[in-house]
Amino acid sequence: MQLAIKIIVSGVVLTLSSVIFALVAYGPLIRYAIRDQTSLRKKNQIRDIYLKIPFPLDFRIYFFNISNPMEVQNGAKPVLKEIGPYCYDEYEEKVDIIDNEMEDSLTYNSYDIFEFNAEKSRGLSEDDYVTILHPLLVGMAFQVNRDTPALLSFLNQAIVPIFKDPKSIYLTDTVKNILFDGFEINCNVSEFAAKAVCTQLMNSNIPGLKNDPSRDNMLVFSLIGVRNATLGHTMKVSRGIRHSESVGKVLEVDGKKEINKWVSKACNRYRGTDGWIIPPLLTPEEGVWTHSVDLCRNVKAKYIRDTLVKGVNVRLYEADLGNMQKNEEDKCYCPTPTTCSRKGVFDLSKCMGAPIVASLPHFLEADEIYRKQVEGMQPIHEKHIIRIYLEVITSAPLIGKKRMQMNFPIAPISKITLMSKLPVALHPIFWLEEGVELEGDFLKIITNKLMLLEVANVSRWLAVFGGLTATGIGIYLYIKNKKSITISSIDSMSNDSEITRSTNELMDQMKTLERTEKGQINPVLSGHEFDRYM
């Protein structure tokens, strides 16, 4: 009986404590553990991966090769053919790390290295020649025409010696030179106009333009060579130790607490992370905010749907460049207070100091007019949208694809001989994709952690079940013991009745004997016969 009671009490206590833990304490404890493990705390595994990604990113670039360059010189619509992908392994690392315990921040410089991947490029080579819009020539002409048109004649005289008497607005060179090594800009000139333009170029901060170290008075220009094996921007981000929802949030870029390029404080304010880490436990409504240093703006990826990737529950998010003409939150990115770009494009003039216009590849999600200005655009949502698949709890990116197309506006400029008959178009040059996909051991890290969470989740209900089971066993034993006691009592009562009956019979016999002794004659024994037996 005592054992049964002890089992019941233990079962009830276990059940109540398990229910309280499962319904009240479990959630906060799990959330605390997740937030702690996903912060940029020293010795956290996520911090090591954040500072040096232990596998190369997949960097791909596609060129828009011009098929009719001389026809375009006379006003024809550009006919473009996509060539690619030229694939590179991008090794991303953060260096010069400084932790600030007081403000819970981490400061770093990015350092990237690109290595050509011939296998993924499927027969394409860095030595391939492509013909694309000349970014420096066209960019200079368009910017002078927009900002200082009085200098157009001066520039027209400089184009021939600097760019070696070009016959069109297009450049033909190897992929390697265009991307990394740089193509030549001849500043070894004697003409006054050319010298003046070269002096301006040398003193400019045009990204990708630099002195040729092997030759005097020569410049080289490349599209992304400025990113290869050189220190990038100085970034300060939140470590998320005190406030997990702010992990990775951009606090400063190159020592500046805001951008100071746009007309409103909202657009000048950094919002979101640096893109290399996402806060955990996001709700779909929040979306994923990142700050793009390359675009000088914040970008929001919107929740699309829940799905399954490699056996893991994930949320799909997608992003585009918005619509400045219709969306109020995008209007602060308009080039001027009175002129806003059409849907799906973004003017980078204020950000990069050059008349470059960004869009999604093949003008996906952009105003239809841009696709009509050129031939060869074939937008495919799955292939050209910016998208990321995030694990639901930890926000670990299982698959991420950042895609962007670079374009230059072209139009007839009467004072530039080479450009006097051009058509009006937003002319694509190339588009790139920077991707990450977790596989192998790194995918196992995520799945193992999710398995532990699932085990913990099941265990809390097993504890409740165990408590209920113990309580049930105790009640069963209690009832069983109680019935045993009742049966024993009844048996005892039966034995007492038999004893009582035997006692009564003995008493009757003794009374009969007593009457005989008082003179009653026994019909069997008479006279002195009885005395013989006494």
Side-chain angles (χ1 to χ4, degrees), residues 61-69 71-84 130-147 168-171 178 207 223 292 294-297 320-327 330-331 333-336 338-380 384-386 403-413 416 418-432:
I61 192 160
Y62 300 77
F63 291 100
F64 289 107
N65 194 80
I66 184 70
S67 300
N68 60 335
E71 288 79 2
V72 174
Q73 289 298 126
N74 292 310
K77 181 187 295 188
V79 178
L80 303 171
K81 180 181 179 181
E82 179 183 286
I83 298 179
V130 294
T131 300
I132 63 171
L133 190 71
H134 198 303
L136 192 58
L137 189 158
V138 174
M140 287 173 54
F142 188 86
Q143 189 162 353
V144 171
N145 184 55
R146 184 189 63 187
D147 300 337
S168 74
I169 58 172
Y170 295 97
L171 163 73
I178 292 173
L223 294 177
S292 172
D294 296 329
L295 301 178
C296 299
R297 65 167 290 180
D320 55 38
L321 294 178
N323 188 340
M324 299 180 193
Q325 294 184 340
K326 292 186 177 181
N327 298 341
D330 293 330
K331 286 187 176 180
Y333 294 122
C334 293
T336 71
T338 57
T339 58
C340 290
S341 302
R342 293 176 182 267
K343 176 187 176 183
V345 299
F346 184 68
D347 192 332
L348 293 173
S349 299
K350 289 186 175 181
C351 182
M352 302 186 69
I356 303 174
V357 178
S359 70
L360 293 183
H362 289 256
F363 294 120
L364 177 69
E365 302 293 334
D367 194 297
E368 188 178 355
I369 191 174
Y370 299 120
R371 290 193 293 274
K372 291 181 176 179
Q373 292 173 345
V374 298
E375 290 186 14
M377 298 294 100
Q378 297 177 340
I380 301 172
H384 299 139
I385 195 69
I386 299 171
R403 294 152 172 159
M404 198 63 60
Q405 178 173 300
M406 295 302 167
N407 316 274
F408 273 87
I410 61 171
I413 302 176
I416 302 293
L418 199 62
M419 305 178 70
S420 60
K421 298 179 181 179
L422 294 180
V424 175
L426 185 58
H427 197 307
I429 302 177
F430 68 92
W431 72 271
L432 57 83

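Throughout, residue positions are numbered sequentially from 1 according to the sequence presented.
Among all heavy-atom pairs drawn from Thr339 and Cys334, the shortest one is O-CB, 3.4 Å. Taking all atoms of both residues into account, the shortest heavy-atom contact from Asp330 to Gly322 is OD2-CA, 3.5 Å. Of all heavy-atom pairs between Phe408 and Pro355, the closest is CD2-O, 3.5 Å.
Side-chain contact, Asp347 with Ser349: a donor N or O sits under 3.5 Å from an acceptor N or O.
Rounded to the nearest 0.5 Å, atoms NZ (Lys421) and CD1 (Ile413) are 15.5 Å apart. Note: Asn68 CG to Thr131 OG1 = 11.5 Å, rounded to the nearest 0.5 Å.
Looking only at distances, no side-chain donor or acceptor of His134 sits under 3.5 Å from a matching main-chain atom of Leu171. Proximity of a side-chain donor or acceptor of Arg403 to a complementary backbone N or O of Pro361 within less than 3.5 Å is not detected. The backbone N or O of Lys81 lies less than 3.5 Å from no partner atom in the side chain of Asn65, so there is not a single donor-acceptor pair.
For Ile369, the side chain to side chain contact (heavy atoms under 4.5 Å, CB included) partners are Arg342, Asp367, Gln373, not counting sequence neighbours. In this view, Tyr333 and Trp262, Phe346 satisfy the ring pair (Phe, Tyr, Trp, His ring centres under 6.0 Å) rule, not counting sequence neighbours.
More than 12 non-hydrogen atoms from other residues, nucleotides or ligands lie less than 6.0 angstrom from NZ of Lys350.
The ring of Tyr170 has its center closer than 6.0 angstrom to the ring center of His427.
Note on Lys343 versus Asp320: no salt bridge recorded, every NZ/NE/NH1/NH2 to OD/OE distance being 4.0 Å or above.
Here the side chains of Asp294 and Met404 are not in contact, with every heavy-atom distance at 4.5 Å or above.
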Residues Leu360, Ile385; criterion side chain to side chain contact (heavy atoms under 4.5 Å, CB included); working and verdict: CA-CA 7 Å; Leu360 293 183; Ile385 195 69; 3.7 Å; yes
Residue pair Met406, Phe64: steps toward the side chain to side chain contact (heavy atoms under 4.5 Å, CB included) verdict: CA-CA 10 Å; Met406 295 302 167; Phe64 289 107; over 6 Å; no
